[in-house]
Protein chains: 2
Amino acid sequence: MISKKTKYGLKALIYLARQYEQGPILISDLARDENIPKKFLETILLALKNSGILQSRKGKGGGYYLGRSPRQITVGQAIRVMEGPLAPVPCVSETAYAKCTECGNENTCGIRLVMKDVRDAIAQIVDNTTLADVLERIGQAELAEKNVVDFSI
Amino acid sequence: MISKKTKYGLKALIYLARQYEQGPILISDLARDENIPKKFLETILLALKNSGILQSRKGKGGGYYLGRSPRQITVGQAIRVMEGPLAPVPCVSETAYAKCTECGNENTCGIRLVMKDVRDAIAQIVDNTTLADVLERIGQAELAEKNVVDFSI
DNA sequence: TTTAAAATCTACTAAATCTGTAGACTAACA
DNA sequence: TGTTAGTCTACAGATTTAGTAGATTTTAAA
């Protein structure tokens, strides 16, 4: 299960993607609209900024905004910032490889063989899903729901 | 990342699968051979037993053994016992559905749409990989490594 | 029927991680 | 130079992880 931190971060990114190129957004507004504790959100946005996904401006008229277009930010990049590596075991991580402490021979570890496949399957999805893709899917889902409601009336 | 508990549990299952139908195996032997803290292993094996994956016999000549053939035990079943549901968010879990506390409309939640795909991709792998499959892959990997060693001599 | 072996149950505990909070500080704009 | 808004430092409660200790129950064999 992903942490609340990751959920909040993804919500924030989707929120900012919706308002791409409309100037900096206030943490306060984001926290209020998405029901995220403000102080907690601060630390999350800061991490996303330090990773290059977000940019910010201080002072009056300041706030946070996407560092690049929603087409160029993937869900995978964001998850790695907030949750850490995608890999279920460190020895199959592409971005943060580490030897498993309890593992003997890495080449013949059965757990590793399976988890490598799992990691690749997860990466295949999240590294090929951009914020723009997410917005599009939300739009389709909202349309589909609207039709269901219209039909049921 | 999966917990040590899950890793230990999978190691234990692979160990027991290797010795399927050779009588009960002692916790002590398993703990020693796989370098798992014995007391911790006890709780893990008990959980696997309570879920039906393992069976046990008490007293002299007792120990743990697979409750069914290695062909009929999947990695997914085992992971769910030790780690909980595969789903990254509770609202897409097939085996332990729960509404996300912070989620408004489930049908149009962008995070949910992506995480549903992730869950399905993970399940596709681990629910179709049996302990027998793992043993087979380990065998192949050992063979491959042996050939590399032979060649390099 | 006693004894020894082995799983099971109850009850802790230390450390790490998660989910925040408080308050001072810095930068930018008017 | 005052106000706004992000940034930094530090802490704290709750939960989860990774164990440990010791008593109890069950079973097989002597």
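In what follows, chains carry the letters A, B, and so on, assigned in the order in which the sequence lines appear, proteins first and then strands, with residues in each chain numbered from 1. These numbers come from a predicted model, not from an experiment.
- Ranking D:dA29, C:dA30, C:dG20 by closeness to the B:K60 side chain, first place goes to D:dA29.
- Across the protein-nucleic acid pair, B:K58 atom NZ and C:dA4 atom C1' stand 15 Å apart, rounded to whole Å.
- With salt bridges taken as basic N to acidic carboxylate O contacts below 4.0 Å, none links B:K11 and B:D33.
- Place A:K49 and A:T43 on DNA chain D by their nearest nucleotides, and A:K49 ends up nearer the 5' end.
- Residue contacts shown for A:I44 are absent, as no nucleic acid heavy atom lies under 4.0 Å away.
- For the pair A:Y8 and C:dG20, the criterion of a side-chain N or O lying under 4.0 Å from OP1 or OP2 is met.
- Whole-Å rounding puts the B:L45 CG to C:dC9 P distance at 13 Å.
- Under a 4.0 Å N-O distance rule, the pair A:K7/B:E102 qualifies as a salt bridge.
- Taken to the nearest 0.5 Å, the CZ atom of B:R80 stands 7.5 Å off from the OG atom of B:S93.
- With D:dC8, D:dA18, C:dT19 as the choices, the nucleotide that has an atom nearest any side-chain atom of B:K4 turns out to be D:dA18.
- The NZ atom of B:K39 sits 15 Å away from the C1' atom of C:dT13 (whole-angstrom rounding).
- Note: CD1 (A:I25) to C1' (D:dT4) measures 16 Å, nearest angstrom.
- Across C:dT19, D:dC8, D:dT20, the shortest atom-to-atom separation from the side chain of B:P37 is found for D:dT20.
- A side-chain donor-acceptor contact under 3.5 Å links A:T6 and A:E83.
- Closest to the B:E42 side chain, of the nucleotides C:dA7, D:dC8, C:dC9, is C:dC9.
- Side chain to side chain, B:N105 and A:E145 meet the donor-acceptor criterion of an N or O pair below 3.5 Å.
- Proximity note for B:L26 (side chain, C-beta onward) versus D:dA18, C:dA7, D:dG19: the nearest is C:dA7.
- In this structure, the CG atom of A:L16 is 14 Å from the C1' atom of D:dG6, given to the nearest Å.
- For the pair A:F40 and B:G63, both in contact range of DNA chain C, the more 5′-proximal nearest nucleotide belongs to B:G63.
- With rounding to whole Å, A:K38 atom NZ is found 14 Å from C:dG23 atom P.
- The interatomic distance linking A:E83 (CD) with C:dT19 (P) rounds to 8 Å, in whole Å.
- Distances from the side chain of A:K5 to the nucleotides C:dT19, D:dA29, D:dT25 place C:dT19 closest.
- The side chain of A:R57 approaches C:dC29 more closely than any other nucleotide in the set D:dG6, C:dC29, D:dC8.
- Between B:L41 and B:A12, the shortest heavy-atom distance links the atoms CD1-CB, 4.2 Å.
- Contacts of A:I27 with the nucleic acid, taken as non-hydrogen atoms under 4.0 Å apart, involve only primed sugar atoms and P, OP1 or OP2.
- Between the CG atom of B:D29 and the P atom of C:dA5 there is a distance of 14 Å, given to the nearest Å.
- Listed nucleotides: D:dC8, D:dG19, D:dG6. Nearest to the side chain of A:S56: D:dG6.
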